[in-house]
Amino acid sequence: MTRQRLGALALAAGLLIPSVATAYFPPDVGTPPPATGTPPDPFKPPTGNSLGEPEAPEPGPQPSVQTPEPASIVTALTGMALAAGYGLRNRGKKVG
């Protein structure tokens with residue numbers, strides 16, 4: 001393996017590993033959710049003109065960070081590897 005290929009491989013790994021690592025290991029995994037106290041009781045006793053049916057609870061906070069899909073990164077790497085292999089194969093046929 002030449003120094004150029006080794007350098008290109010090290011550069012690709014250095015640029016790719018941080019993005020893949022956050023996809024598999026999000027930074028908020030393992031941290032407990034913020035304490036908001038006790039949740040409200042959804043079942044209220046019936047009042048004068050109500051049947052006592054529960055109201056739908058308000059939706060909680062949505063996650064603020066979207067993690068990338070690891071499969072898309074793997075697909076891109078596979079495509080790049082196939083293109084590189086095809087180029088090397090064609091180069092070998094032209095020389096020989």
Side-chain angles (χ1 to χ4, degrees):
M1 185 175 279
T2 65
R3 286 186 182 186
Q4 290 178 343
R5 286 187 186 173
L6 188 59
L9 183 63
L11 178 64
L15 293 175
L16 188 68
I17 287 175
S19 64
V20 174
T22 56
Y24 286 110
F25 308 106
D28 60 349
V29 169
T31 58
T36 58
T38 59
D41 185 18
F43 299 102
K44 299 175 185 172
T47 57
N49 58 359
S50 170
L51 297 177
E53 294 178 359
E55 294 291 327
E58 293 293 323
Q62 300 297 321
S64 61
V65 176
Q66 296 289 330
T67 57
E69 180 69 31
S72 62
I73 296 171
V74 171
T75 303
L77 288 175
T78 304
M80 290 172 54
L82 287 173
Y86 183 74
L88 289 173
R89 181 177 175 216
N90 283 345
R91 184 186 307 167
K93 284 183 179 180
K94 289 180 182 177
V95 172

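Note that the numbering runs from 1 along the sequence shown for the chain. If you're wondering where the values come from, they're calculated on a predicted model, not measured in any experiment.
Through direct or indirect side-chain contacts shorter than 4.5 Å among Ile, Leu, Val, Met, Phe, Trp and Tyr, Leu15 is connected to Leu11.
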Note to self: Let's go through Arg3 and Leu6 carefully: what are the C-alpha distance in whole Å and the side-chain angles of both, what is the deciding distance for side-chain contact (heavy atoms from CB on, under 4.5 Å) to 0.1 Å, and is it a yes or a no?
What the structure shows: CA-CA 5 Å; Arg3 286 186 182 186; Leu6 188 59; 5.6 Å; no
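Legend: residues meeting side chain to side chain contact (heavy atoms under 4.5 Å, CB included) with Leu77, ordered by chain and number and at least two apart, are Leu16, Ile73. Here Ile17 pairs with Ala13 under the side chain to side chain contact (heavy atoms under 4.5 Å, CB included) rule; sequence neighbours left out.
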